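Since the structure is predicted, the reported quantities are computational estimates derived from the model, not experimental observations. Lettering follows sequence order; numbering is per chain, from 1.
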Amino acid sequence: MTDVMAAGLGRMNNGGQRPRADPSAHATGVMSTKYHPREIEARWSAQWAEQELYEFQEHAARPKFYWLTMLPYPSGDLHIGHWYAMAPSDAGARFKRMNGYNVFFPIGFDAFGLPAENAAIKNNTHPKIWTYANIERMRRQLRSMGTMFAWKNEIISCDPDYYKWSQWTFLKFLERGIAYREHAPVDFCPSCNTTLAREQVIGEERVCERCETPVIKKALNQWKYRITDYAEQLLKFEDIEWPEAVRTMQTNWIGRSEGVEFDLAVDGRPGQTLRVFTTRPDTIFGLTFCVLSPEHPLVREVTTPAQRGAVEAYQAAAERKSEIERMADTQEQDGVFTGAYALHPLTGANVPIWIADYVLMGYGTGAIMAVPAHDTRDYAFALRYRLPVPPVIRPVGSAGANGEGLELPYTAKEGSEMCNSGRFDGLAWPRSFEAVVKELERRGIGERKVNYRLRDWLISRQRMWGTPIPVIYCKTCGMVPVPYEHLPVRLPDDAVFKPTGESPLKYHKAFLHVDCPCCGGPAERETDTMDTFICSSWYMYAYLSPYWKKGQRITADDVPWNRGVVDPWLPIDQYTGGIEHAILHLMYLRFYAMALADVGVMPPKAPVRRLFNQGMILGEDNEKMSKSRGNVVNPDALVRDYGADTVRAYLMFIGPWDQGGPWNPKGIEGMARFMNDVWYLGTPVEAEAAPAQDAEAARQLTGALHQTLAKVSEDYLAFKYNTLLAALMSFRNQLKAARPTLQGTPAWNTAIDGLLLMLAPVAPFITEELWQRRRPGESIHLQPWPRHDPALARTDAVTMVIQINGKFRDRMEVSPDVKAEEMQTLALERPKVQEALANRTVRKVIPVGNKLVNIVVQ
RNA sequence: GCGAGAAUGGCGGAAUGGGCAGACGCGCCAGACUUAGGAUCUGGUACCGAAAGGUGUGGGGGUUCGAAUCCCCCUUCUCGCACCA
């Protein structure tokens, strides 16, 4: 522990000890002023805010473009991860704006959540105070980043005028049957003291998404949203350009599988049936036993007295097992015989009914037909308890007519055919599936069924700092929704925070006790609050008319935003954010849009057209940044040393944005040098000697400008900031080389303007400063993107490569319009080529465009 | 186990409708200017070799005049899911 800390501190000291005393220091050249990023950045931040340069313009002649970055949680300080997420997003939005779009780029705070409550307990203050103090600090930091946020449209999700509408969505969903309350076993985090949605339980170890504590099961009365009703819709990704990875993850999470559900009669119990789900009806003749989940209600009914003791012991053990940590490596299939038998639906054979915890109550019917020859789990189970394992499918055309010699378990679908299955023998997949399903349907004991892995969204949280669920429980009237006119159900400002692990709302008398809206009698409020993912499921619409009907009494007919503004601005044209939200936020957001469309407040179209997921910025050690590792990079310190422009640009230069990558503390020096060069190149020079006329050099510089422009414009659209910056650096190198001959000429000035314009989205401060020094009073951020002229980008000579048998031999300059025959002649004339061709016969010469000739010999 | 993606110098990475591998930057080496250099400027920097030349994009095959790029097999790594019937 001590070692780790010492190492961590050492690293931090090292990282912080090299402030650049004067980052603008460079020796040569005529200098008017030095580059002082801190001074110019402070000045421009203030000025842009004052001029409202970036605020929302509902109507404009330019086409609308809704550019969105995921809203941050106000944790207190802006982390380098926030910079990595937001600075490139901002650059993209700025680029769109320069390209003639009316860009809306809002920001807000996802302000409910547990850290505020923990801080409240620790400091004995209200979470609201902690949260708003953090927001104030983060607003300043976000401004220092140079982002073009439309601050006037900011929303804060813990504001009652926001969560009033979150409550409204709950009431509407309740009316439509999308919200419901259920008593069932749910995932509970003993550290956060609250239940969690299935999506918030991570991995095999089943740990809490927030604190990594293993979750336990608890049976509780909880509110849920019927997201499973939208499973089919959620599987469709029409009209949206989302990364393949996200679509695959969501598709897998939803986990659609097609199969059949059918009944088996229980032997000796007329009328008693056992329902199972299977995706492999083609293997039904291999059914040699059934397995019930230990929690299955039928277990009590069918268990014979002789087996009762063993069965109950197993049930108790299974229950305990799900409450204790689930060990990864103990996936053994064990179970207990109930003593009862079911009848095979097609053969009438007796098959024993077992219970085993590898069958889950929450999936399908909680009961399975076991076909040990063709399912790995059933196979393991059968081996363990010496149950028969008859093969009933085999690879098409395989030798053994009845599957003899088949390696078991054989689980393939494609290329399999039925055997040992009476009149079904020889039927190949997928006809085998169809035939058995038809037979079960004909007998009236089963039907096709689609099952999903997706569960309904559990939204109740036993925490205080969240949106109160607007329902009241009355002894006489039962559950009563809070009338719309009474919204919002406000969180009390005087709740007492104690480390009891329970929500202070339960002990807040004024909050808890309420008159029933129905009968006027004494009643109690729901004290659970909503999952904070609800706040972030609709904030993108709220941005367009923030705190709609603020302070006003609302009715059932109101909608949560101004549709006149919101409808024309949908969908969100570009959304950017971390891949870690691939399932949670990005699936909930789609669900919310679908459900709200059903409620009738939104057009039924995809809410987010284009999505981009950035990668994660890692510590110097290539590990995830964390305080315990001591590899956290502090953006404020970097801004102090290098300026925001350099930090922004360096983060974009590290590598492809979607890839993320480790922080290299030395690497930023290169970007600082680049900014210094830009400063030096872009600062107007007074009274220079009359520039020499060098038409050829001027043409070359103009060519370089337009080549760079083509590359940079293309890269902005594809979020390829790293290569865009590399192109700008190359251009910088060319400018430095051309400076002695061209500085002050029209070609030079155009090139410098181009450099500043192309860099403006990435580095808004330095470009604004230099632009306005050249043209006082004009913001660079209101300039149109420079037009690319392919004619000017054209060079008058291209390099042609000469290969012999595909190997590089020589290169030469040729005209861009060179003809194929000419290329061949030129290539064969080269001395190096002649030399290499001595005593060899040329068989073929292959010219490629105007860039390469391959000579094939012998 | 299933699904998705990746593997290129000392490092981050460029180049994939096949056509000069290593753009750009970091680091490193040498030099210049300097009292000084962790500033700036100039040159160099994939590997082997004195050179000519040869070899190189995780490994092995293949297609092609030509492969980092396309096809097949394998290895390793990252991410997601995981007793889902």
Distance between the [atom1] atoms of [N] and [M], in whole angstroms?
| N | M | atom1 | answer |
| --- | --- | --- | --- |
| B:rG9 | B:rU63 | C1' | 29 Å |
| B:rG25 | B:rA32 | C1' | 23 Å |
| B:rU8 | B:rG44 | P | 27 Å |
| B:rU69 | B:rG59 | P | 11 Å |
| B:rC47 | B:rA23 | P | 13 Å |

Secondary structure string for RNA chain B (Watson-Crick or G-U under 3.5 angstrom, | for other-strand pairs) = (((((((..(((......[....)))((((((.......))))))(((....)))..(((((..]....))))))))))))....
request  = Report yes if the side chains of A:N631 and A:E620 come closer than 4.5 Å at any heavy-atom pair, otherwise no.
outcome  =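 Heavy-atom side-chain distance check fails, nothing below 4.5 Å.
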Identify whether any heavy atom of [X] sits under 4.0 Å from a base atom; if not, whether one sits that close to sugar-phosphate; answer base, sugar-phosphate or nothing.
| X | result |
| --- | --- |
| A:R198 | sugar-phosphate |
| A:V359 | base |
| A:D378 | nothing |

ask   = Centres of the A:F289 and A:Y385 rings: under 6.0 Å?
value =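 No - the distance between ring centres of A:F289 and A:Y385 does not fall below the 6.0 Å cut-off.
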Give me, pair by pair, the N or O atoms of the protein and of nucleotides 54-56 of chain B that are less than 3.5 Å apart, along with how far apart they are.
{"unit_1": "B:rU55", "atom_1": "OP2", "unit_2": "A:K807", "atom_2": "NZ", "d": "3.3"}

ask   = Syn versus anti for B:rG60, judged by chi lying within 90° of 0?
value =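 Anti, which is what one calls it when the glycosidic angle falls more than 90° from 0.
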query = Any chance the side chains of A:T799 and A:E813 put a donor and an acceptor closer than 3.5 Å?
reply =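 The criterion, which ignores hydrogens and geometry beyond distance, is satisfied for A:E813 and A:T799.
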request  = Check RNA chain B against residues 256-263 of chain A and give the residues with a non-hydrogen atom under 4.0 Å, in numerical order.
outcome  =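 Residues of residues 256-263 of chain A under 4.0 Å from RNA chain B: A:S257.
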key: Below 4.0 Å: OP1/OP2 of B:rG25 and any side-chain N or O of A:R732   =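 Yes, A:R732 has a side-chain N/O under 4.0 Å of OP1/OP2 on B:rG25.
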message = Quick test of your reading of the model: are A:K666 and A:E669 salt-bridged, counting only N-O distances below 4.0 Å?
response =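 A salt bridge is absent here (no side-chain N lies under 4.0 Å from a carboxylate O).
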With a sphere of 6.0 Å drawn around [atom1] of [X], does it hold more than 12 non-hydrogen atoms of other residues, nucleotides or ligands?
| X | atom1 | answer |
| --- | --- | --- |
| A:R843 | CZ | no |
| A:K851 | NZ | no |
| A:E258 | CD | no |
| A:E714 | CD | no |

request  = Answer yes or no for A:R453 and A:W253: cation-pi contact, defined as NZ/CZ to six-membered ring centre under 6.0 Å and angle to ring axis within 45°.
outcome  =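 The answer is yes, since A:R453 meets both limits relative to A:W253.
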inquiry  = Using a 4.0 Å heavy-atom cut-off to protein, can you give one letter per nucleotide of nucleotides 10-23 of chain B, 5' to 3': B if the base is in contact, S if only the sugar-phosphate is, - if neither?
reply    = --BSSS---BB--B
request  = Keeping to residues at least two apart or across chains, list the side chain to side chain donor-acceptor pair (under 3.5 Å) pairs with something in residues 720-731 of chain A.
outcome  =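 Those involving residues 720-731 of chain A are A:D715-A:T723.
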message = If the condition is side chain to side chain contact (heavy atoms under 4.5 Å, CB included), which residues does A:Q200 pass it with, not counting sequence neighbours?
response =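 Listed in chain order: A:L196, A:A197, A:E209, A:R461, A:D531, A:F533, A:L584.
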